[in-house]
Amino acid sequence: MNLFAIFEGEVRRALERLRERGELPAELALEGWTVEPPRDPGHGQVATNAALVLAKPARTRPMAIAEPLADLLRRVEGVAEVTVAKPGFVNLRLDDAVFHRVLRAALRDGERFGLVDLGRGAKVNVEYCSANPTGPLHVGHGRGTVYGDALAALLAATGFHVTREYYVNDGGAQIETLARSLHHRYREALGDAVGPMPEGGYPGDYLVPVAHALVERDGDRWRDATEPEWMAPFGDFAKAAMLARIKDDLKALRVEHDVFTSEAELLAAGVVERCIAELEERGLVYTGTLEPPKGKAIEDWEPRPQLLFRATAFGDDTDRPLQRSTGDWTYFANDIANHWDKYRRGFKEMIDVWGADHGGYVKRMQAGVQGITGGDGALEVKLCQLVQLMDGGQPLKMSKRAGRIVTLRDVVDEVGPDVFRFIMLTRKNDAALDFDLQKVVEQSKDNPVFYVQYAHARIRSVFRHAAEAGMATAELGDAPLARLADEGERAVLEAIAQYPRTLALAAEHREPHRIAFYLEELAGAVHRLWTRGKEEASLRFLVEDDEPLTRARLALLESARTVIAGGLRVLGVEPVEAMR
RNA sequence: GCGCCCGUAGCUCAGCCGGAUAGAGCGACGGCCUCCUAAGCCGUAGGUCGCAGGUUCGAGUCCUGCCGGGCGCGCCA
């Protein structure tokens, strides 16, 4: 029950009436205006800028539209008062009864309250995390992962049929590097004096336990084997171990993907060849020679004819290579196949969450999807800016080469998934983020997530007390909500009514952080109301000799709690029963 | 050199599709617990929204140009 959507309809009808009556030009397009909560609560609960927006196309003054519009809106059920303000805003003050209906809807729907059906069951594939299985997840991965996970939940909450996907980049040379690194650790585990990790290997110590597990399984049978002999089994073993570890790390973050797609398996199944053949049939593949990029000197640049994808046909800056000089497919070719595979599994809408360092790759991938799906599929890419890891104000350079990795798991174990997720979700995805390990650990007790969880816990506490006092806490839908007369109660009521709109906007904009900020506001309204009860006994929630009033207040609290729980659920944060 | 993203209070960040007097948290300072959880509430201080133009009834928001920071710029992933 989205009040703002409802009143948008009312404003539209009123404008249409004005057009019919000739007070607006017959050909006027009724577009571009909005219905929003006014910034100043003194203006009521709903405001529209329709008169301002339409004045110019209607070739009249804003007030000439605002006045008759206000007259019509005054007759709408649930509207208590309509005022026209300065330049031409029309402000509505709503009857309490309207908010009472919202509250009853919230009580009736529980955590499903506000879940608008924007998607109508459309299938959407959200690919996120997709870190290479060559090591544990680090903090930088955590951001895109949490964002993607919350976005997936948000879309699922707004009527889309969502699949959460992880693309495993296990097709390239990096798995060979991983296998060599494991082989080195394996020899170490057997007690051979092999020295430090060779140049180009993965120096982190996370392969040490993997090597021991391999010794446990196979003993020293690979000690004297040749590289071609051990390469495949070592690669498989290491890959499986890394993937298991990544899944475990994800679980600690409360992230669970539905599908893991393996690049290597797509390759082995010949999907890439079929994909390229498909592109060829569409005339999107040719052999040509690329110009060297301007402005950036590339050493050992050799003009070379190669297999190219006609990305420029879809708005990319240049055509893109599909095949390496070695004859292998490029990562790009494989990734087109990956998206083609999704498309053939029924996903016309695909969303990828990438790190900002892949920003230069967006256009070509979108071009690839357009090309391979004949324009029927669409790829939306959400970039997460990189995380600058700090330690006590000093930038911490993470380098895999130096083996100095701050793992995601370390941080999550330290502060917990709720704190970590909330930190990542109180930011827009496209703003850079400083993540100071020391501060995050020190200040995790100040994390706003507790503010929201505390509001939930306090409400639970009231219900526990109510039950102890023998008060009925069920069937609150028929409570006399008109008894809710305090300004603090109204504030909570109005905050609750904002939720459906917030959810819809967050989904449309792919911005789960809006929910986090909204929940802080709602929690604030709850905390303020709580404090009013401390200052004035008559405003306490449980009033011994006035059960109807108590029930009305419980109804208010329960719907607030429901919204908090539902919102936290979308963010993947636990609503708690108690804080102590 | 070119492309994308960012620049808002001391710090970390919101600011809805262009809307009314630019907000929150942390930090600083001052108040509030005989009573449903003080992980809370109330107040004070703190801003030329990077700079300069432009668009318009109206710009933190859109456009152009600068400045500053991040990322990227065949066959790596």
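Naming: A, B, ... by sequence-line order, numbering from 1 per chain.
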- Task: Could you work out which one of B:C76, B:C36, B:A20 sits closest to the side chain of A:Thr330?
- Result: B:C76
- Message: Distance check needed: B:C4 P versus A:Asp317 CG, whole Å only.
- Response: 9 Å
- Pairwise P distance, B:G40 and B:C2 [rounded to whole Å]: 50 Å
- Note on the structure: Checking B:C36, B:G19, B:C16 against the side chain of A:Val53 (C-beta onward), the nearest is B:G19
- Task: To the nearest Å, give me how far apart CG (A:Leu54) and C1' (B:C57) are.
- Result: 14 Å
- Query: Is the phosphate of B:A20, meaning OP1 or OP2, less than 4.0 Å from a side-chain N or O of A:Arg39?
  - Reply: yes
- Taking any strand in view, what nucleotide pairs with B:A45 in a Watson-Crick or G-U wobble way, both distances under 3.5 Å? none
- Task: Tell which nucleotide pairs with B:G19, taking only Watson-Crick or G-U wobble pairs whose two distances are both under 3.5 angstrom.
- Result: B:C57
- Query: Is any side-chain N or O of A:Asn91 under 3.5 Å from a base N or O of B:A20, one able to act as donor and the other as acceptor?
  - Reply: yes
- Message: Whether the side chain of A:Arg501 and the base of B:C16 hold a donor-acceptor pair under 3.5 Å is what I'd like checked.
- Response: yes
- Message: If you only use heavy atoms from C-beta on, which nucleotide in B:C41, B:A14, B:A20 is closest to the side chain of A:His513?
- Response: B:A14
- Item | RNA chain B: 5'-proximal contact among A:Tyr361 and A:Glu36 (nearest heavy atom) | A:Glu36
- Is A:His358 side chain donor-acceptor paired with the B:A77 base, going by distance under 3.5 Å alone? yes
- Of all the nucleotides listed (B:C13, B:C36, B:C41), which has the minimum atom distance to the side chain of A:Asp434? B:C13
- Message: When both hydrogen-bonding distances must be under 3.5 Å and the geometry is Watson-Crick or G-U wobble, what is B:C26 paired with, if anything?
- Response: B:G10
- Message: Taking atom types as they are modelled, would you say the side chain of A:Asp357 forms a donor-acceptor pair with the base of B:G72 within the 3.5 Å cutoff?
- Response: no
- Whichever of A:Pro305 and A:Arg532 has its nearest RNA chain B nucleotide further upstream toward 5': A:Arg532
- In terms of side-chain heavy atoms of A:Asn169, which of B:G19, B:A77, B:A39 is nearest? B:A77
- Message: Would you say the ring centers of A:Tyr147 and A:Tyr128 fall short of 6.0 Å from each other?
- Response: no
- Note on the structure: Winner on side-chain proximity to A:Arg427, out of B:U12, B:A39, B:C41, is B:U12
- Against the side chain of A:Arg304, the closest entry in B:G40, B:C57, B:G74 is B:G74
- Query: According to a strict under-4.0 Å criterion, is A:Lys56 in side-chain N/O contact with OP1 or OP2 of B:C57?
  - Reply: yes
- Task: Taking the six-membered ring of A:Phe541 (Phe, Tyr or Trp), confirm whether the NZ or CZ of A:Arg553 is under 6.0 Å from its centre and within 45° of its axis.
- Result: no
- Rounded distance in Å - CD (A:Glu511) to C1' (B:U61): 13 Å
- Task: Ignoring the backbone of A:Trp301, work out which of B:A77, B:G74, B:A22 is nearest its side chain.
- Result: B:G74
- Task: Grab the CG-P distance between A:Asp319 and B:C73 for me, whole Å please.
- Result: 18 Å
- Message: Under a 3.5 Å cut-off for both contacts, is B:G1 paired Watson-Crick or G-U wobble with anything, and if yes, with which nucleotide?
- Response: B:C73
- Message: Applying the Watson-Crick and G-U wobble criteria at under 3.5 Å, what pairs with B:C36? Answer none if nothing qualifies.
- Response: none
- Proximity to the side chain of A:Arg458 - top-ranked nucleotide from B:A14, B:C42, B:A38: B:A38
- Query: In terms of side-chain heavy atoms of A:Leu52, which of B:C57, B:C26, B:C11 is nearest?
  - Reply: B:C57
- Message: Please classify B:C41 as syn or anti, treating any glycosidic angle within 90° of 0 as syn.
- Response: anti
- Message: I want to check one thing: is the phosphate of B:A38, taken as OP1 and OP2, less than 4.0 Å away from some side-chain N or O of A:Lys534?
- Response: yes
- Query: Is a donor on one side and an acceptor on the other found under 3.5 Å between the side chain of A:Arg421 and the backbone of A:Leu571?
  - Reply: yes
- Message: Is there a side-chain contact between A:Trp530 and the phosphate of B:A38, meaning an N or O under 4.0 Å from OP1 or OP2?
- Response: yes
